[in-house]
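Input: a single structure, listed below in structure tokens.
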Amino acid sequence: MNELVILKLKQIADLLEILGESVYKIRSYRKAVETLNLVTDDISVLAKEGKLKDLPGIGDAISIKIEVIVKTGDSYYLQKLTQKIPLEVTSLMRVEGIGGKTAGRLYQELGVKSITGLEEAIKTGALLKLSGFTEGKVEKIQRAIKFLKKERRALPKIEKIAYGIRDKLMESNLLTKVELGGSFRRRKSTVRDLDLHAIGKEENFEKAMKFFTEMEEVIEVIVTGKLKTTVKLFNNMNVDLRIMEEISDGAGILYSTGARSHTIKLRTIAERKELLLNEYGLYNKDKSKLLASKTETDVYAGLGMSYIPPELREDRGEIEAAMKNELPELITIDDIKGDLHAHTDFTDGKATTEEMIIGAEKKGWEYVAITDHYGKNKIYNPLDEEKLQKQKKELEKISAAVEINVLHGLEIDITKTGGLEVPNEILKDMDYVIASIHSHFDLPEEEMTQRILKALDNEYVNAIGHPTSRMFSKRADYSLNFSKIAKKCNETNTWLEINAQPDRQDIDDHLVFDLKVKAPIYIGTDAHYVKDYEFMQWGINIARRSWCEKKHIINCLSFKDLQKKLTR
Ligand SMILES: [Zn+2]
Ligand SMILES: [Zn+2]
């Protein structure tokens with residue numbers, strides 16, 4: 001329900017923006033969406049108990065609208081707005097560079113309603129004729145559409161929806177087990193669609209499929225059968241459900257988890273052993289005898305290998321390693337000893353320095369680095385010399401009262417030409433410095449690489465934050481020459497960050513796979529709220545998918561060893 005409410009409020013805000021309504025009104029809906037995104041309780045329960053207005057930024061008008069959505073699954077207000085502008089037009093705002101005003105113009109002046117329509121207008125040249133649309137601007141829009149079309153969603157953003165559907169299927173009492181497979185289970189940073197693997201009694205299969213297709217989240221049934229059904233959800237994501245009997249549980253979830261390249265290789269190995277593997281089990285050649293099927297461990301053992309953790313199942317050598325019993329001992333969240341990237345309300349963070357430090361201590365960590373922005377970029381409300389001194393004093397006072405070790409750090413901008421905006425006079429007094437790219441994302445690979453290499457020349461820089469600056473909801477990563485960067489990081493003992501923010505998850509696992517032995521790497525949450533420390537899990541996913549053991553990740557070190565490493 002929470003997702004549905006958030007979606008409807010967001011649609012209202014988008015439509016108000018397209019209609020050119022007051023900034024104040026639009027902002028209040030955006031703020032409500034932001035607040036509800038942080039709510040962990042069930043919104044429908046809060047509505048029933050009349051507690052919506054206790055939430056920050058939710059007043060009378062919006063709380064009434066939420067109550068209607070909770071009760072009816074829809075919003076009259078939203079329906080009223082869509083009589084003026086079709087809801088579809090809001091989809092244009094997903095294209096980077098297109099805001100409400102532009103979306104409104106595209107609709108009013110060209111009749112463009114959808115991204116497909118926009119592509120058509122580019123093709124026919126109609127967009128270029130619109131005032132204000134230069135060739136450069138149109139090209140940028142084209143690139144943004146290409147990025148969007150990948151239709152990949154950040155795993156953290158769909159986790160709640162995925163578990164919600166799983167739980168509802170379980171509550172139907174028609175199935176005895178429902179599990180998420182696919183790239184979701186392999187913990188990929190982004191997921192295109194969901195795969196559900198379920199166990200039940202055969203007489204209930206059809207009833208369970210009917211229940212599935214009639215769930216309120218489903219907007220379209222793409223194909224349905226007794227054993228497999230595919231539907232489309234309200235957020236345009238496809239979900240596959242396969243049901244089988246308990247005997248096939250292990251083989252079924254193995255098949256559902258993939259990756260395809262992994263399961264295909266397993267089948268080839270089965271054939272080589274004169275066996276047959278499918279989604280129901282491992283059999284002898286003429287299928288007269290079932291050899292293994294109940295658990296994944298049984299099936300892997302039947303093929304002569306040890307159990308392979310889902311994150312590794314990409315056919316990147318894991319099958320060969322499992323046959324030799326040489327799989328890595330993957331890092332876990334419990335190996336992490338501290339966080340090295342966190343902000344406070346001295347800049348764009350939302351919690352005080354004290355709250356952030358105590359929050360880190362409550363995580364059981366040995367250390368935390370407070371790394372607020374310093375520089376000229378106003379959107380981060382950056383520190384200046386005066387604010388920095390004030391924070392330093394505050395930090396010293398808090399540090400004395402807590403057990404956790406606190407590093408006073410900074411996150412500073414790498415300029416277009418690789419300079420740093422902060423003088424060494426200031427940097428030399430800091431415990432720890434992250435340099436990050438926050439602007440000019442579209443330069444060629446050579447220039448981007450040079451920017452970072454030049455930043456690495458500064459002796460006070462300890463780390464490079466979110467190295468490729470990708471944001472799944474916004475922009476693609478830029479290309480970097482990572483072999484050059486890794487080499488220099490190694491020479492200068494500068495660390496590369498795996499930024500664990502859900503929308504970033506940067507650097508990607510396919511890169512860390514190689515980089516982990518070439519350059520020092522740490523995981524940073526880039527926390528702006530205390531609860532953002534939970535993001536550490538997304539960084540761990542990347543590390544596990546990259547075959548990292550705890551020896552590969554800097555913040556698995558104790559504070560004592562970390563301090564030794566910090567001297568450049
Ligand atoms: Zn940053
Ligand atoms: Zn940051």
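Being a predicted model, the structure only gives us computed values, none of them experimental. Order of listing sets the numbers, starting from 1, for every ligand and every atom in it.
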side-chain hydrogen bond (donor to acceptor under 3.5 Å, both in side chains) between Q501 and N499, worked out: CA-CA 6 Å; Q501 284 219 356; N499 187 294; 5.1 Å; no

salt_bridge(D384, K387) N-O dist < 4.0 Å: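 Between K387 and D384 there is no salt bridge, as every charged N stays at least 4.0 Å from the carboxylate O atoms.
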
Ionic contact status for R187 with E159, cut-off 4.0 Å: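 Counted as a salt bridge, because a side-chain N and a carboxylate O are separated by less than 4.0 Å.
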
Minimum-distance N/O/S atom that H438 presents toward the Zn ion (ligand 1):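 Going by distance to the Zn ion (ligand 1), the closest N, O or S atom in H438 is NE2.
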
Partner set under side chain to side chain contact (heavy atoms under 4.5 Å, CB included) for D503, not counting sequence neighbours: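 D503 satisfies side chain to side chain contact (heavy atoms under 4.5 Å, CB included) with K157, M471, F472, S473 once adjacent residues are dropped.
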
Ring centres under 6.0 angstrom apart (H438, Y380):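 Between H438 and Y380, the centre distance is under 6.0 Å.
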
From H408 atom NE2 to I370 atom CD1, the distance as rounded to the nearest 0.5 Å: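 Going from the NE2 atom of H408 to the CD1 atom of I370 covers 8.0 Å.
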
Sub-2.8 Å protein N, O or S atoms surrounding the Zn ion (ligand 2):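 Protein N/O/S atoms under 2.8 Å of the Zn ion (ligand 2): H341 NE2, H343 NE2, E411 OE1, D526 OD1.
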
